[in-house]
Amino acid sequence: FISPTRKRTKVEAIYINDEKVRSAKPGENVNVKFNLNIEDFQKGFVVCGINNPCPAVLEFKVQLALIDLLEHRQIYSVGYNAVMHCHTAEVEVSCRELCYVIDEKTGKNIRRPFAKQGQQCVVKLTTQLSTCCELYDEFPALGRITLRDEGKTIAIGKVIEIC
């Protein structure tokens, strides 16, 4: 099963160093041959089990740590556009809602219209392309994100809710 296209596929062969093998162990680098064309795959697609498909989402909630905002865009607020990197996917995202800022001293959630560099916040992000991601607590490799703007990493975070 290929997510987000939901195409069914079958593994035809597994290769290690160009040698066909029956199985592979965790951590081994493998090449997998499927019964689909190369055009059926894109960067960011996820191979998953048919009974447990990876969610393909357009909107999700993330907890962000704003690490290095741009000099000419020093606040993060609704409407901020950036490129999100999540596993191998790279997609344009927009901040639809800034839910709250986490106070660094008390840990309390504070409603604010914007967040500044060095702060942590929870936001709802939207994208035009359905993107494979999971909750960080359930599958960290598919729930870890990086936001970049103008080629610079501005925030790191984790997916906390799929909307």
Side-chain angles (χ1 to χ4, degrees), residues 1-7 9 26-30 32 38-163:
F1 196 79
I2 306 295
S3 197
T5 61
R6 304 185 71 77
K7 286 192 177 189
T9 188
E28 288 185 308
N29 290 323
V30 298
V32 181
I38 193 73
E39 297 85 30
D40 293 324
F41 294 93
Q42 289 183 19
K43 191 175 183 182
F45 283 15
V46 176
V47 178
C48 47
I50 198 151
N51 296 327
N52 191 17
C54 181
V57 299
L58 294 170
E59 183 174 277
F60 44 96
K61 196 181 279 189
V62 298
Q63 180 179 335
L64 291 177
L66 302 172
I67 55 173
D68 201 8
L69 292 173
L70 301 175
E71 249 182 65
H72 59 280
R73 295 177 78 183
Q74 295 185 357
I75 62 170
Y76 188 88
S77 62
V78 172
Y80 197 109
N81 295 324
V83 175
M84 178 188 74
H85 295 257
C86 182
H87 57 94
T88 62
E90 293 177 28
V91 291
E92 182 88 19
V93 293
S94 180
C95 177
R96 191 174 79 75
E97 178 185 350
L98 197 151
C99 302
Y100 54 86
V101 174
I102 301 169
D103 185 273
E104 57 190 80
K105 292 178 182 162
T106 65
K108 291 184 179 177
N109 303 337
I110 303 168
R111 298 275 297 167
R112 288 220 175 103
F114 63 87
K116 298 182 199 172
Q117 183 171 308
Q119 291 183 318
Q120 288 191 35
C121 58
V122 171
V123 301
K124 272 190 185 172
L125 297 178
T126 59
T127 179
Q128 297 292 317
L129 300 171
S130 95
T131 305
C132 294
C133 66
E134 290 270 9
L135 297 177
Y136 178 83
D137 290 339
E138 292 178 12
F139 200 144
L142 294 177
R144 190 177 295 122
I145 70 160
T146 304
L147 291 185
R148 293 178 59 82
D149 192 6
E150 295 181 16
K152 182 178 181 182
T153 299
I154 61 163
I156 56 173
K158 60 184 181 179
V159 178
I160 59 173
E161 183 181 316
I162 293 175
C163 303

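The figures that follow rest on heavy atoms only: side chains count, while hydrogens, waters and symmetry mates do not.
No side-chain N or O of Thr126 forms a donor-acceptor pair with one of Arg96 less than 3.5 Å apart.
Closest approach of Thr9 and Ile2 over heavy atoms only: CG2-CD1, 3.8 Å. Residues His87 and Gly44 come closest through the heavy atom pair CE1-O, 3.1 Å. Considering every non-hydrogen atom in both Ser77 and Pro113, the closest pair reads CB-O, 3.4 Å. Val83 and Glu92 get closest at one heavy-atom pair: CG2-OE1, 4.0 Å.
The 12-atom threshold is not exceeded at CG of Asn29, counting heavy atoms of other residues, nucleotides or ligands nearer than 6.0 Å. Around the CD atom of Glu104, the shell of radius 6.0 Å holds no more than 12 heavy atoms that belong to other residues, nucleotides or ligands.
Partners of Arg112 by salt bridge (Lys or Arg N to Asp or Glu O under 4.0 Å), not counting sequence neighbours: none found. Qualifying salt bridge (Lys or Arg N to Asp or Glu O under 4.0 Å) partners for Lys116, counting only residues two or more places apart in sequence or in other chains: none.
The one candidate from Asn51, Ile50, Val47 that meets the side-chain contact (heavy atoms from CB on, under 4.5 Å) condition with Phe1 is Ile50.
For the pair Thr127 (side chain) and Leu58 (backbone), a donor-acceptor distance under 3.5 Å is absent.
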Give every donor-acceptor pair under 3.5 Å between a side-chain atom in residues 128-147 and any protein atom, sequence neighbours left out.
| residue | atom | partner | partner atom | Å |
| --- | --- | --- | --- | --- |
| Thr131 | OG1 | Leu129 | O | 2.9 |

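In this structure, the side chains of Cys121 and Leu66 come closer than 4.5 Å at one or more pairs of heavy atoms.
Aromatic rings from Tyr80 and Tyr76 are positioned such that their centres are separated by under 6.0 Å.
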